[in-house]
Amino acid sequence: MKYLGVTKLVVSNASGGVNSDYEVGSVVIIKDHINFFPEHPLRGKNDERFGPRFLNMNEAYNKAMIQKAKVIAVENNITVHDGVYLGLQGPTFETFAEYKMVKILGADCVGMSTVPEVIVARHMGIECFGLSVVTDMGDVEASMEEVSHDEVLKAAAKAEPQVRKLIKELILQF
Ligand code: HPA
């Protein structure tokens, strides 16, 4: 992507919410992430053509794009939250104890993607913007057994028009 001339990356994902202000269908602007993947995409010999060995991750998610997305959300009556996304490998959904751990660690939602992609993009100096659709809530023990891939797909589909509008406007305005 970098060599094709891409300078900005927009990523989206589905996640389990652990912030009690969230509900199924909430749209979350990712303001930061916690990398809990067992492997690191930049491990191994560094290719200096792509980026430095020790990469600063202090603005993993581009602040200007986040700000712009928030304005677009207000203008279009789209409710958005901002939050920290924690990446775990999966493919299992989390146990209740794991959702609790995610919350204690300071994240607002958890999923199985995005973190490696953003690390690699940042390595190359690509600016990143991420949106997460909360497709299940991991902070309610009673609802835990209901989490299924079908449920995730349904919740994500419901949020699609808002996410589409937000990303479309962001691309147009940025
Ligand atoms: N956990 C991890 N990944 C997910 C979830 C979840 O609860 N929901 C959608 N993707």
Side-chain angles (χ1 to χ4, degrees), residues 1 8-43 57 59-62 65-66 69-70 72-73 76 78-123 126-168 170-171:
M1 285 196 287
K8 291 179 171 59
L9 177 69
V10 175
V11 290
S12 65
N13 63 47
S15 68
V18 295
N19 180 329
S20 45
D21 292 340
Y22 297 176
E23 56 189 13
V24 170
S26 285
V27 176
V28 180
I29 294 175
I30 302 174
K31 64 177 177 189
D32 208 350
H33 74 219
I34 298 174
N35 181 14
F36 250 60
F37 281 83
E39 193 39 286
H40 197 287
L42 300 183
R43 200 175 132 117
M57 289 292 285
E59 197 174 332
Y61 298 85
N62 185 262
M65 289 172 91
I66 290 174
K70 284 181 178 173
I72 292 167
N76 290 276
I78 299 170
T79 304
V80 290
H81 301 266
D82 60 14
V84 174
Y85 175 89
L86 186 144
L88 275 171
Q89 188 178 50
T92 50
F93 292 111
E94 287 65 39
T95 63
F96 184 65
E98 286 165 343
Y99 281 119
K100 223 158 129 183
M101 173 196 76
V102 167
K103 191 169 183 163
I104 289 167
L105 287 174
D108 301 289
C109 54
V110 55
M112 309 174 196
S113 67
T114 300
V115 171
E117 295 92 316
V118 166
I119 290 172
V120 172
R122 291 304 300 133
H123 187 228
I126 294 175
E127 291 170 343
C128 297
F129 175 79
L131 274 186
S132 187
V133 176
V134 175
T135 56
D136 48 278
M137 285 302 292
D139 72 339
V140 189
E141 200 158 0
S143 73
M144 286 289 303
E145 55 206 339
E146 292 167 23
V147 184
S148 68
H149 187 51
D150 263 5
E151 198 193 340
V152 166
L153 292 179
K154 264 188 219 143
K158 235 170 127 184
E160 192 204 322
Q162 293 174 316
V163 170
R164 182 192 292 268
K165 177 80 184 165
L166 206 62
I167 292 176
K168 199 171 163 184
L170 189 65
I171 292 169

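Every number for a ligand or one of its atoms is a count from 1 in the order of the listing. All residue numbers refer to positions in the sequence shown, counting from 1.
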Q: Can any side-chain N or O of K103 pair as donor or acceptor with the backbone N or O of V18 at less than 3.5 Å?
A: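 Yes, K103 side chain to V18 backbone: donor-acceptor pair under 3.5 Å.
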
Q: Report the residue from I78, L166, D82 that forms a side-chain contact (heavy atoms from CB on, under 4.5 Å) with K70.
A: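 That would be D82; it is the only one of I78, L166, D82 passing the side-chain contact (heavy atoms from CB on, under 4.5 Å) with K70.
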
Q: Could you tell me whether the side chain of N19 and the main chain of D21 form a donor-acceptor pair under 3.5 Å?
A: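 Between the backbone of D21 and the side chain of N19 there is a qualifying donor-acceptor contact (under 3.5 Å).
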
Q: Hey, does the side chain of H40 reach the backbone of L42 with a donor-acceptor pair shorter than 3.5 angstrom?
A: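 Yes; at least one donor-acceptor contact below 3.5 Å.
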
Q: Does the Y99 side chain pair with the main chain of V110, one donor and one acceptor, at a distance under 3.5 Å?
A: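 No, Y99 side chain to V110 backbone: no donor-acceptor pair under 3.5 Å.
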
Q: Taking a 3.5 Å cut-off between nitrogen or oxygen atoms, can you list every pair linking ligand 1 to the protein, with distances?
A:
from     : atom 1 : to   : atom 2 : distance (Å)
ligand 1 : 1 (N)  : E94  : OE1    : 2.5
ligand 1 : 7 (O)  : Y99  : OH     : 2.5
ligand 1 : 7 (O)  : D136 : OD2    : 2.6
ligand 1 : 8 (N)  : G16  : N      : 3.4
ligand 1 : 8 (N)  : T135 : OG1    : 3.4
ligand 1 : 8 (N)  : D136 : OD1    : 2.7
ligand 1 : 10 (N) : A14  : O      : 3.2

Q: Less than 4.5 Å apart, side chain to side chain, heavy atoms only: is that true for K31 and V84?
A: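 They are in side-chain contact.
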
